[in-house]
Amino acid sequence: MIPFKELAQTYGTPLYVYDFDAMRAQFESLKEAFRGRKSILAYAVKANSNLSVVKHFASLGSGADCVSIGEVRRALMAGVPKYRVIFSGVGKRDDEIREAIESDILYINLESEAELERVEMIAQELNTKARISIRVNPNIDPKTHPYISTGLHDNKFGVEITAAKRMYIRAKNSPYLDSVGIHFHIGSQLTELEPIYEAAVIVADLLRSLSAINIELKFFDIGGGLGVRYKEETTIEPYAYAQAVLAALKGIDVTVICEPGRFLTANAGYFLTKVLYEKQNGQKRFVVVDGAMNDLIRPSLYNAYHRIESLGNEGEASAVDVVGPVCESGDFLAKNYPLPPLEHNDLLVVHSAGAYGFGMGSNYNTRGRSAEVALENGVHRLIRRRESFDDLIALEREYL
Ligand SMILES: *Cc1c(COP(=O)(O)O)cnc(C)c1O
């Protein structure tokens, strides 16, 4: 049992709480599924980029999948060894590419032919060889929310098979590029195995045809995307997932790299918010809380469902919109959610908030971001203090 009331009292609200033991259990269940096979789990830092969270995964042997040089720095600072750090993303700047090469990380995932040229040019300037992998867009519909679908030609991510092949050939002929991997990532919150298997088969076939022309790659990077249960979704079992990938790879000797984000952190995180007011507009019931879309944007952005638990309230539940103080009608944590009558200072626990929660937060409406707390072996500790007004204006006041 997590002592939510004590945590809210100690640290105030709104508050993010992460169960580090639950994160470890998720990590180990996936690691176990790939046992007996050379594999690296590279935690997708964007899901929850708190340094203490990244350090926690690093201590379990995790690598890191990063989508900006800032995330690469976080990973290295948190103790992820450089030989397990990957740099992905469609729009890397020159300075980011340069720093990634100089940091000697495992590889850079390329997402276009134009990017390959930039990386080659920068590696030449540095008079070194850049390790690369190419993100293939297998044109598979992952059957998830369109905003988090990434493996269709309509999405901005990756390159077509034919372009990938051209790029590997070009890299082979370059003294400044070293192709070490192949990558795909078809989307997030995936709950069906079939599209992942189909994508793996397509990319494994490309691996075979590259091998036939003497381009041998060491790493088969299957991206992340494993879905979690927010409500009643049936999710993919780690073992079935691993078996599907390994089946696609039959006869090929490569290290499998998996980049889970949400799977490791979503259900290990809670967002605590306090009731400010109840109100009724005609027939419509609202509860106004101290947490808002700037803290947790998933409901507003994706219409995402989060389970909400009211602590210590009895009484008959009725449908209510749980809304924050931000001046947007899109500012809600839940709509038509059954909750009992609530009073000032009652505590609500928003579940499954450990991934794409704090990290997608903003300072909109000049609201400081929440504190973050870790819970491990029954002990809690602050891992990010609450932002103050001074923090919010620090970069502006000198121009006043
Ligand atoms: C976002 C992302 C991930 C992690 O996705 P999850 O759905 O959180 O597992 C992994 N790899 C890449 C390249 C990503 O962009």
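Cation-pi geometry between Arg131 and Phe219 is not met: the NZ or CZ atom fails to fall both under 6.0 Å from the ring centre and inside 45° of the normal. With a 6.0 Å cutoff to the six-membered ring centre and a 45° limit on the axis angle, Lys279 does not count as a cation-pi contact of Tyr277.
Shown here for Asn345 and Lys274, the closest heavy-atom pair between the two residues is OD1-CD, 3.6 Å. Here the closest heavy-atom approach between residue Ile308 and residue Tyr337 is recorded as N-OH, 2.8 Å.
Contact annotation: the side chain of Met121 approaches that of Arg118 to within less than 4.5 Å [non-hydrogen atoms, C-beta and beyond]. Between Val254 and Ile182 the shortest side-chain heavy-atom distance does not fall below 4.5 Å. In this structure the side chain of Tyr239 reaches within 4.5 angstrom of the side chain of Gln243, judged on heavy atoms. The shortest distance between side-chain heavy atoms of Pro325 and Asn365 does not fall below 4.5 Å. Side-chain atoms of Glu111 and Lys156, non-hydrogen and from C-beta on, never get closer than 4.5 Å to each other. The closest side-chain heavy-atom distance from Val159 to Glu115 is not below 4.5 Å. Using a 4.5 Å heavy-atom threshold, the side chains of Tyr43 and Thr265 count as touching. Here the side chains of Tyr107 and Asp221 are in contact, with some heavy-atom distance below 4.5 Å.
Taking the six-membered ring wherever Trp is involved, the centroid distance between the rings of Phe27 and His56 does not fall below 6.0 Å.
With no hydrogens or angles considered, no side-chain donor-acceptor pair links Gln189 and Tyr302 at under 3.5 Å.
Under 4.0 Å is where a charged nitrogen must lie from a carboxylate oxygen, and between Lys129 and Asp178 no such pair does. In this structure, Arg24 pairs ionically with Asp21, as a charged nitrogen and a carboxylate oxygen lie closer than 4.0 Å. Between Arg397 and Asp390 there is a salt bridge, with a side-chain nitrogen of the basic residue lying less than 4.0 Å from a carboxylate oxygen of the acidic one. Remark: Arg98 engages Glu125 in a salt bridge, criterion side-chain N to carboxylate O under 4.0 Å. The pair Arg384-Glu387 meets the salt-bridge criterion, since a charged nitrogen lies less than 4.0 angstrom from a carboxylate oxygen.
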